[in-house]
Amino acid sequence: MKPTPLLAVLLASVAFAAPEPKFRMQEIDKISIGYGLAIADVDGDGKPDIILADQHTVQWYHNPDWKKHVIAENLTKEDNVCVAAQDIDGSGKCAIAIGAGWNPSDTVKSGAVFYLIPPADRTQKWEAVKLHHEPTVHRMQWVQLTKGRWDLVVQPLHGLGNKAGAGAGAKMLAYEKPANPKDEWKVRIVNDVSHMTHNLQPVRWAPGAAQQIVSGSKEGLWFNSAQGEGWTAVQMTNVATGEVRDGKLPNGQTYLATVEPMHGTASAIYTKASDSTWNRLQVLDGFKDGHAIACADFLGTGSDQFMVGWRGTDPGIRLLTPNDDAGKSWRSSVISTKEAAVEDFKAADLNGDGKPDLIVAGRQTKNLVIFWNDR
């Protein structure tokens, strides 16, 4: 049913009525680099905690006092680089995996993947189980494949022996966890044809329990979906992409928000056309070293806005809000400048007030901060 002219006007004005954001910054720790963040309930108290993969330590911060608990140290001689945390068994407590051995210039021997086995007291050190890995392990996510199964999906930056972003494709791998995590994990190839593959995002674009994966690369965006015991990869766009997250416009349409290219200088949104192609709209540029995207309804409009963040000597965080129901134009609001040089960030409602907050790991600023949503 087509909307009446009045209803169409009301729909188009939803974003125009969106309030300006209001965030309050709280620094909760001084850190080394802050490579990767995850938000999940570690101790089963029903509150989301903050998990950080710092340069040589892995720690979680208890909600709401933010007391730090170091659970792993010096997993490899090189740096940690990423973390994934998810309740994969319905226990109310998350499982944690870590990517380490970070040396992006070594596309032959670098990299490491660990599954951490928790002790009874989850504030103490966890046992690290080393898994198979590809070189230049860079990002990871737990991805749901059935109602009771979550695979650990790990994305390297480069392919084996890759030089200057050329050569073999980077092997994104899905690890199926056995009942005993110390046993061998089944490993399946998700995508092995893309290059300079910086980040990935689980999505739910098909009926059923299974998630799919959108991943960014030098070639553009890819849609990866499980098919039986394997995976298929379909190229969606052809603009080099580093970061990607998915959100909803005021009209209910899905969009993808990006940083382009890897460590890039522009942010765009993609919406699907009727012929299954994706339309690109650039909404922000002029920054350097873009390194994070987060989509959520920060402003309480009933649809999603997105944060884009960058690091370096001139860092910043901006909130992009659609000015109309179809996202044809966007408003940019300053959230932060020199306070946090974004290495990674995540959106999550930490205090249960129904408003997503922003949790940021700052690289050059060497801090872990919460931007509380006070709208």
Side-chain angles (χ1 to χ4, degrees), residues 28-102 110-134 137-144 148-155 173-187 202 343-344 346 348 350 359 361 368:
I28 64 171
D29 197 12
K30 292 293 187 182
I31 59 177
S32 180
I33 291 180
Y35 279 101
L37 280 169
I39 310 299
D41 188 351
V42 179
D43 57 354
D45 65 357
K47 298 176 182 178
D49 304 302
I50 299 171
I51 304 104
L52 177 70
D54 205 356
Q55 187 172 17
H56 297 298
T57 60
V58 179
Q59 58 246 26
W60 66 277
Y61 298 82
H62 176 262
N63 186 347
D65 58 15
W66 311 119
K67 183 177 180 180
K68 178 167 67 174
H69 303 287
V70 176
I71 59 174
E73 294 182 89
N74 301 314
L75 293 172
T76 62
K77 291 182 180 179
E78 301 83 8
D79 295 358
N80 300 321
V81 70
C82 56
V83 57
Q86 176 70 43
D87 179 2
I88 63 174
D89 59 7
S91 67
K93 302 176 182 180
C94 69
I96 297 176
I98 298 294
W102 179 236
S110 69
V113 176
F114 296 93
Y115 176 79
L116 301 185
I117 299 177
D121 180 354
R122 286 181 163 227
T123 68
Q124 302 302 305
K125 294 293 177 63
W126 297 32
E127 181 182 357
V129 177
K130 193 171 185 178
L131 307 180
H132 166 81
H133 75 276
E134 290 290 308
V137 166
H138 185 254
R139 290 289 182 265
M140 55 173 51
Q141 295 271 9
W142 290 100
V143 177
Q144 188 172 26
R149 174 180 160 190
W150 293 79
D151 281 12
L152 178 66
V153 175
V154 179
Q155 176 70 77
L173 300 178
Y175 297 67
E176 182 181 354
K177 179 180 172 293
N180 181 352
K182 294 184 180 180
D183 291 341
E184 185 177 357
W185 295 45
K186 290 183 181 178
V187 179
E343 180 70 11
D344 193 15
K346 295 291 186 293
L350 294 181
I359 304 92
L368 179 63

Going from [atom1] on [X] to [atom2] on [Y], what distance comes out if it is rounded to the nearest 0.5 angstrom?
| X | Y | atom1 | atom2 | result |
| --- | --- | --- | --- | --- |
| Leu37 | Ile359 | CG | CD1 | 7.5 Å |
| Ile96 | Met140 | CD1 | CE | 11.5 Å |
| Leu152 | Glu176 | CG | CD | 12.0 Å |
| Ile71 | Ile98 | CD1 | CD1 | 6.5 Å |

Residues which pass side-chain contact (heavy atoms from CB on, under 4.5 Å) with [X], listed by chain and number, not counting sequence neighbours:
| X | value |
| --- | --- |
| Asn74 | His56 |
| Ala174 | Asp151, Val153, Val190, Trp231 |
| Glu78 | Thr76 |

Set of salt bridge (Lys or Arg N to Asp or Glu O under 4.0 Å) partners for [X], sequence neighbours left out:
| X | value |
| --- | --- |
| Glu343 | Arg311, Arg363 |
| Lys130 | none |
| Lys30 | Glu27 |
| Lys346 | Asp344 |

Item to complete: Name all residues meeting the ring-ring contact (aromatic ring centres under 6.0 Å, His included) criterion together with Trp150; count only those two or more places apart in sequence or in a different chain, and write none if there are none.
Response: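 So Trp150 forms no ring-ring contact (aromatic ring centres under 6.0 Å, His included) with any residue.
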
How about [X] and [Y]: do any of their side-chain heavy atoms sit closer than 4.5 Å?
| X | Y | value |
| --- | --- | --- |
| Ile50 | Ile28 | yes |
| Leu131 | Val154 | no |
| Leu368 | Tyr61 | yes |

Worksheet item: For residues 63-77, which residue pairs qualify under salt bridge (Lys or Arg N to Asp or Glu O under 4.0 Å), counting only residues two or more places apart or in two chains?
Response: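 Every pair satisfying salt bridge (Lys or Arg N to Asp or Glu O under 4.0 Å) with a residue in residues 63-77: Asp29-Lys68, Glu73-Lys125.
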
Worksheet item: Pairs in or reaching into residues 34-56: which pass salt bridge (Lys or Arg N to Asp or Glu O under 4.0 Å), with residues at least two apart or in two chains?
Response: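 For residues 34-56, and leaving out neighbouring residues, there are no salt bridge (Lys or Arg N to Asp or Glu O under 4.0 Å) pairs at all.
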
Under 3.5 Å, is there a donor-acceptor pair between the side chain of [X] and the main chain of [Y]?
| X | Y | result |
| --- | --- | --- |
| His132 | Glu184 | no |
| Asn80 | Leu75 | no |
| Trp102 | Ala100 | no |
| Asp79 | Val81 | no |

Fill in: Summary of side-chain hydrogen bond (donor to acceptor under 3.5 Å, both in side chains) pairs that have at least one residue in residues 81-91, sequence neighbours excluded
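Counting only pairs at least two positions apart or across chains, the side-chain hydrogen bond (donor to acceptor under 3.5 Å, both in side chains) contacts touching residues 81-91 are Asp89-Ser91.
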
Discussion item. Show me the pairs that pass ring-ring contact (aromatic ring centres under 6.0 Å, His included) and involve residues 67-88, at least two apart or across chains.
Written reply: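 Every ring-ring contact (aromatic ring centres under 6.0 Å, His included) pair that includes a residue of residues 67-88, provided the two are not neighbours, is Trp60-His69.
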
Item to complete: Return the orientation label for the Trp185 and Tyr175 ring planes: parallel under 30°, perpendicular over 60°, tilted otherwise.
Response: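 It falls in the perpendicular class, over 60°.
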
